[in-house]
Protein chains: 2
Amino acid sequence: MSKQELTVLGQDDQSAACCPGLGGAPLDEGQAAELAKIFKALGDPVRLRLLSLIASRAGGEVCVCDLTPAFDLSQPTISHHLKLLRQAGLIDCERRGTWVYYWVLPAILDRLSMFLTTAREREADAVAGAEAEGKADAVAGADAEVTV
Amino acid sequence: MSKQELTVLGQDDQSAACCPGLGGAPLDEGQAAELAKIFKALGDPVRLRLLSLIASRAGGEVCVCDLTPAFDLSQPTISHHLKLLRQAGLIDCERRGTWVYYWVLPAILDRLSMFLTTAREREADAVAGAEAEGKADAVAGADAEVTV
DNA sequence: TGCTTGCATTGATGTCTGTCGATGCAAAGC
DNA sequence: GCTTTGCATCGACAGACATCAATGCAAGCA
């Protein structure tokens, strides 16, 4: 039911070997398209909450019957969002009797996190280098707006 | 030109204090909407490449005139994507004479990375706990598909 | 066998988004 | 002043997306 859905990061995809991270060389079109597909899956409040509900569950897996009531949406809509998360490789599922259980696949979360982290480190270096020339206040101001 | 555009993470937004990360308590609707806005900005190949081009630039900033030729798109389209990245709080810009320079704001990248990392750690624990009951092979198979 | 439950799929519809040409606007040079 | 250059904004349009009701399908139960 599920293995075939991992189209984003197929194991035979040579271009998926590894993205350099934002700090390295600029992404080529293939890498960008692949990453964008995953980020797009995360770019919806409903899907983000679904992922959050699954990830925060003790035991690591959740029955759909526990997810649907948490939203003010129809069952087909929830099913549709779960399918998109599955196609992005962020979750997987398994049927057990009457119920279907979903769990998070940590590998891609890892990859995204690393991609963003290397970006930050590289960028922080660049900013440190340019801090003496009048751009520092703007960056510092932006920092103050977010309590990381 | 730029400070007012940071609508996603306004400094007076109490709900933006900090998201718990995927591993903590499930996201509420406000947090999910806020994070989704940022992920959605990253959910486009063109914007991802733009961000990558800016982040990987020595000096940390890039003139728009250097970005536009890198794409097979019209100048208004590039400008549109840059605006969305700016509204998401991922980049900022400044006009200098005839040219406009963009640079990356690392704070939100940090926050996203942390959000995803805590998710992974929490999820990995859960998987480790459930590894003995037949779900392990599916997770291991997914891991094998990504060379993180 | 027939009924019920849980979830996925289909088809339709309204909304959002990416893209472009045209235009506006600021800065620099003549 | 006028012209040119660099970039943002506007208006329009095609394609993508979120959502729903209806339907299909598998599993359990009477």
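In the text below, chain A, chain B and the rest are named by the order of the sequence lines, each starting its count at 1.
- Rounded to whole Å, the distance from NE2 on A:H80 to C1' on D:dA21 is 15 Å.
- Checking D:dT19, C:dT19, C:dC7 against the side-chain heavy atoms of A:W99 singles out C:dC7 as nearest.
- As rounded to whole Å, 15 Å separates atom P of C:dT9 from atom NE2 of A:H81.
- By the criterion of side-chain heavy atoms lying less than 4.5 angstrom apart, applied directly or through intervening Ile, Leu, Val, Met, Phe, Trp or Tyr residues, A:F71 is not grouped with A:L84; the two fall into different hydrophobic clusters.
- C:dT17 atom P lies 18 Å from atom CZ of A:F39, rounded to whole Å.
- Taking atom CG of residue A:D72 and atom C1' of nucleotide D:dT19, one finds them 12 Å apart after rounding to whole Å.
- Taking atom CG on B:L85 and atom P on C:dG18, their separation rounds to 10 Å, with Å as the unit.
- Rounded to whole angstrom, the span from the CG atom of A:L67 across to the P atom of C:dG6 amounts to 14 Å.
- In this structure, B:R95 contributes its side chain and B:G97 its backbone to a donor-acceptor pair below 3.5 Å.
- Note: NZ (A:K40) to C1' (C:dG18) measures 9 Å, nearest angstrom.
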Q.
Run the side-chain contact (heavy atoms from CB on, under 4.5 Å) test on B:L50 and B:I78 for me, step by step, so that the C-alpha distance in whole Å, both residues' side-chain angles and the decisive distance to 0.1 Å come before the verdict.
A. CA-CA 9 Å; B:L50 280 170; B:I78 299 299; 4.2 Å; yes
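- In the set C:dC20, C:dC7, D:dT19, the nucleotide with an atom closest to the side chain of A:T77 is D:dT19.
- For B:T98 and C:dA27, the shortest distance from a side-chain N or O to OP1 or OP2 is not below 4.0 Å.
- Annotation: cation-pi geometry satisfied between A:R96 and A:Y101 (NZ/CZ under 6.0 angstrom from ring centroid, within 45° of ring axis).
- Using cut-offs of 30° and 60° on the angle between ring planes, the pair B:F39 and A:F39 is parallel.
- Not a single donor-acceptor pair under 3.5 Å links the side chain of A:S113 to the backbone N or O of A:L109.
- Taking only side-chain atoms of A:P76, from C-beta outward, the nucleotide of C:dC7, D:dA18, D:dC20 with the closest atom is D:dC20.
- Taking only side-chain atoms of A:Q75, from C-beta outward, the nucleotide of C:dA8, D:dA8, D:dC20 with the closest atom is C:dA8.
- Between A:Y102 and the phosphate of C:dA8, there is a side-chain N or O to OP1/OP2 separation shorter than 4.0 Å.
- Here the nucleotide nearest the side chain of A:V64, chosen from C:dC7, D:dC7, C:dT19, is C:dC7.
- Residue-level contact check: A:L82 touches neither bases nor backbone, having no heavy atom under 4.0 Å from any strand.
- Rounded to an integer number of Å, the gap from B:I78 CD1 to D:dT9 P is 15 Å.
- Taking every side-chain heavy atom of A:R47 into account, D:dA18 is the closest of C:dG6, D:dA18, C:dA28.
- When each of C:dT9, D:dC7, C:dG6 is scored by its nearest atom to the side-chain atoms of A:R95, the top-ranked nucleotide is C:dG6.
- Nearest nucleotide to the side chain of B:V100, out of D:dA8, C:dC20, C:dC7: D:dA8.
- Residue A:C63 has its side chain nearest to C:dC7 when only C:dC7, D:dT19, D:dT9 are considered.
- Distances were taken from every side-chain heavy atom of B:K83 (C-beta onward) to each of D:dG6, D:dG28, D:dT9; the shortest belongs to D:dT9.
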